[in-house]
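Just so you know, these numbers use all the heavy atoms, side chains as well, and skip hydrogens, waters and symmetry mates. Position 1 is the first residue of the sequence; numbering continues from there.
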Amino acid sequence: MVAGTSVTDLPDDRGDVLPPVLPVDRRVKQGGWLFLLSLLVFFVATLLLYALYAISRSDDPLKLVPLPKTFLVSTVCLIVISFLVHAATRTVRRDRFRTTGWLLGISTAAAVVFTVVQCLAMTEILLGPATFQGPGRGVAGMVVVLAILHALHVLGGIIALGIVAARSAIGLYDHERHWPVDFAAHYWHFLDLVWLCMIVTFWLTTGGFGF
């Protein structure tokens, strides 16, 4: 090795100087995956507890009150968000900074819409008959609690999306530095999966959507 030449500045076989190798902070990635794993364990345990409680109330007719159809609207919103953020991971790898910023910005706006729709759905449940009469109110209450827990994680995702969108808009990510965009996509795919599991569990343990 030539004195004063770093490993990242060595010439290749043709004599050209190779670009610097960017360091990869593996601890950040490992921390991100551990964070998602801990959330997965939390939501799986919570859903199992809810399912057991709902089964124990299977003889209560008020438990069969239909779910608000706005849950279906919010589900569509969540799937759209997941698709848009995933598309952003593709565009950032092609150094399409403006497109990436737009995709992340639209995803942030859609996430706000999702939160508003979820609030409307939870309000509909709280003002419904199952909340005020009979033991079925426990099932309805747990549906709302689970939806709120999910919505709180969505709020965290909105903040993260906003930050990543702003940083992407000024060109801080490219085809070599894009882990925050990837993690945002992983996080929203996770929220998508959790909500789909929730909505199926709600469907099976309540009156469904009336059709």
F183 side chain reached by L36 side chain, heavy atoms, under 4.5 Å: yes
Here the pair of heavy atoms bringing A165 nearest to G105 is CB-N, 3.9 Å
Under 3.5 Å donor-acceptor, S168 side chain and V164 backbone: no
Is a side-chain donor or acceptor of T201 paired with a backbone partner of C197 at a separation under 3.5 angstrom? yes
Quick check: closest heavy atoms across L191 and H150, and the distance to 0.1 Å? O-NE2, 3.0 Å
For R96, does the CZ atom sit with more than 12 other heavy atoms under 6.0 Å from it, leaving out its own atoms? no
F97 with W179, same ILVMFWY side-chain cluster at under 4.5 Å: no
If I take atom OG1 from residue T108 and atom CG from residue L104, how far apart are they, to the nearest 0.5 angstrom? 6.5 Å
Can you get from Y50 to V200 by hopping between Ile, Leu, Val, Met, Phe, Trp and Tyr side chains that sit under 4.5 Å apart? yes
If every non-hydrogen atom of F42 is compared with every non-hydrogen atom of L149, which pair is closest and at what distance? CZ-CD1, 4.0 Å
More than 12 heavy atoms of other residues, nucleotides or ligands under 6.0 Å from CZ of F83: yes or no? no
What about F202 and L49, same hydrophobic cluster or not, with Ile/Leu/Val/Met/Phe/Trp/Tyr joined at side-chain heavy-atom distances under 4.5 Å? no
Got a donor-acceptor contact below 3.5 angstrom from the Y187 side chain to the H153 backbone? yes
Stepwise ring pair (Phe, Tyr, Trp, His ring centres under 6.0 Å) test for F71 and W195: CA-CA 10 Å; F71 270 160; W195 177 250; 5.3 Å; yes
Applying the side chain to side chain contact (heavy atoms under 4.5 Å, CB included) test to D192, which of I81, V80, T75, L78 qualifies? L78
Might you point out which heavy atoms bring S107 and V85 nearest each other, and give the distance in Å? OG-CG2, 3.5 Å
I need the minimum non-hydrogen distance between Q118 and S74, along with the two atoms involved. OE1-OG, 2.7 Å
Using the rule that two of Ile, Leu, Val, Met, Phe, Trp, Tyr join whenever any of their side-chain heavy atoms come within less than 4.5 Å, decide whether L67 and L47 are in one cluster. yes
Could you tell me which non-hydrogen atom of A121 sits nearest to which non-hydrogen atom of T70, and how far apart they are? CB-OG1, 3.2 Å
Indicate yes or no for a side-chain donor-acceptor contact from R93 to the backbone of T89 under 3.5 Å, with no hydrogens or angles considered. yes
Distance col, row R167:CZ vs T100:OG1, nearest 0.5 angstrom, shows 14.5 Å
Can you tell me how far the NE2 atom of H86 sits from the CG atom of D182, to the nearest 0.5 Å? 10.0 Å
Out of curiosity, L37 CG to F190 CZ, how far, rounded to the nearest 0.5 Å? 9.0 Å
Would a single hydrophobic cluster contain both L193 and L48, if residues Ile, Leu, Val, Met, Phe, Trp and Tyr are joined by side-chain heavy-atom contacts under 4.5 Å? no
For the atom pair OG1 (T91) and CG (L103), what is the distance rounded to the nearest 0.5 Å? 5.0 Å
